[in-house]
Amino acid sequence: GAMYDGRCLNQLIPRIVECSLLRGKRVAQVSCGHRYTALLLDTGEVLTFGNGKNGQLGHGNTETQVSPKVVEVLRTVAVRQISCGGKHMAILTDEGDVYTCGAGSSGQLGHGNENDVWTPTLVRLLCGKSPRLVDCGFTHTAVVTDDGRVFTCGNNNFGQCGLQVDAAASDILCPSLIDVLALHHVTSVSCGAGHTAAIVASGVDEARTIFLDLLQSERKYVRTLNILWKDYYMLLFGMSSVIARDDLDVIFSNLEEILT
């Protein structure tokens with residue numbers, strides 16, 4: 001039910017979503033989760049459809065929605081961005097507030113617990129931190145603030161939250177600052193199923209420093225890190241299927257030589 005116009009049918013080729021609520025309106029953004037979809041219109045309205053088992057559609061229930069439906073709770077706020085995770089959704093407003101709904105089993109909603117939430121609810125723990133970008137992974141969430149800081153919450157089985165914790169398997173229930181990035185200005189972030197990528201504005205020397213700091217502090221959890229040697233560089237942390245775990249020690253032991 002995530003890709004159609006009122007019928008539960010798979011679509012093998014791209015097809016226009018025909019819906020009276022979309023006629024004459026422009027879709028400013030689209031985001032897809034696991035079997036559900038969210039649309040942000042240029043009018044500021046948010047519409048969702050598909051699987052709503054955990055309340056991720058934001059309609060106050062767990063029903064499947066077979067066609068786009070306006071999320072009524074968000075009519076009173078000016079929405080800037082939407083992001084769909086596996087079974088949860090995050091909404092960023094022009095005022096810099098973040099709302100979340102859906103599955104909370106790993107703390108990915110950022111409300112300090114593991115409860116599901118069926119309607120978009122303000123993440124009070126982010127109030128005053130000036131969020132300007134939000135992105136959802138399958139079971140974790142990342143927020144970038146105006147001053148370039150990154151806060152994450154949710155599942156951290158593979159270190160995808162980027163946090164220095166005693167056990168990588170610990171779920172992060174509250175939005176927490178990634179300390180190792182705190183002195184660097186992050187411009188963008190993207191969450192995958194078990195890893196996260198961040199783009200940071202910095203020079204090569206700073207890149208080398210933060211790269212090695214991450215490896216030292218997150219050695220048990222980091223699977224792979226890549227740097228683009230330009231004005232901006234990208235960090236990848238969390239799970240990767242590219243590098244076998246048996247090869248990690250060899251890679252780590254040669255990194256300083258590679259970077260010099």
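Note that this is a predicted model, so its numbers are computed, not measured.
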- Message: Listing request: all salt bridge (charged side-chain N to carboxylate O under 4.0 Å, His left out) pairs with a residue in residues 140-152, at least two apart in sequence or in separate chains.
- Response: D147-R149
State, with a plain yes or no, whether a side-chain heavy atom of [X] is found less than 4.5 Å away from one of [Y].
X: H59; Y: W118; value: no
X: R132; Y: V144; value: yes
X: N54; Y: K87; value: yes
X: Y36; Y: T48; value: no
X: H88; Y: T141; value: yes
X: L40; Y: Q81; value: no
X: L74; Y: I91; value: yes
X: I178; Y: V180; value: yes

Is there a continuous path of hydrophobic side-chain contacts, each under 4.5 Å between heavy atoms, that joins [X] to [Y]?
X: L177; Y: I172; result: no
X: L122; Y: V71; result: yes
X: V98; Y: I82; result: no

Quick check: does any side chain N or O of [X] sit under 3.5 Å from a backbone N or O of [Y], one acting as donor and the other as acceptor?
X: D135; Y: A142; result: no
X: E95; Y: D97; result: no
X: D171; Y: L173; result: no

Of the non-hydrogen atoms in [X] and [Y], which two are nearest, and what is the gap between them?
X: C161; Y: G154; answer: SG-O, 3.8 Å
X: V73; Y: P120; answer: CG1-O, 3.8 Å
X: L21; Y: P68; answer: CD1-O, 3.4 Å
X: C84; Y: S31; answer: N-OG, 2.8 Å

- Message: Within the supplied structure, the quantity of interest is the number of heavy atoms (other residues, nucleotides, ligands) at a distance under 6.0 Å from K53 NZ; does it exceed 12?
- Response: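 For K53, atom NZ is not crowded (no more than 12 foreign heavy atoms under 6.0 Å).
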- Quick check: are there more than 12 heavy atoms from other residues, nucleotides or ligands sitting under 6.0 Å from CD of E72? yes
May I have the list of side-chain donor-acceptor pairs in residues 99-110 shorter than 3.5 Å, sequence neighbours left out?
{"from": "T100", "atom 1": "OG1", "to": "L109", "atom 2": "O", "distance (Å)": "2.9"}
{"from": "T100", "atom 1": "OG1", "to": "H111", "atom 2": "NE2", "distance (Å)": "2.8"}
{"from": "Q108", "atom 1": "OE1", "to": "S106", "atom 2": "N", "distance (Å)": "2.8"}
{"from": "Q108", "atom 1": "NE2", "to": "A103", "atom 2": "O", "distance (Å)": "3.1"}

- Determine, step by step, whether L41 and L47 satisfy the side chain to side chain contact (heavy atoms under 4.5 Å, CB included) criterion, reporting the C-alpha distance in whole Å, the side-chain angles of both residues, the deciding distance to 0.1 Å, and the verdict. CA-CA 8 Å; L41 305 185; L47 292 80; 3.5 Å; yes
- Task: Inspect the contact between E45 and K25 and indicate whether a charged nitrogen and a carboxylate oxygen are less than 4.0 angstrom apart.
- Result: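 Yes.
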- Task: Report the residue from V66, L57, T64, L39 that forms a side-chain contact (heavy atoms from CB on, under 4.5 Å) with F49.
- Result: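 When side-chain contact (heavy atoms from CB on, under 4.5 Å) is applied between F49 and each of V66, L57, T64, L39, only L39 qualifies.
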- Query: Could you give the distance from CG (L126) to CZ (R124), rounded to the nearest 0.5 Å?
  - Reply: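 It comes to 12.0 Å.
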- Item | Qualifying residue, where the test is side-chain hydrogen bond (donor to acceptor under 3.5 Å, both in side chains) with H140 and the options are T196, N155, T152 |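 Checked T196, N155, T152 against H140; only one passes side-chain hydrogen bond (donor to acceptor under 3.5 Å, both in side chains): T196.
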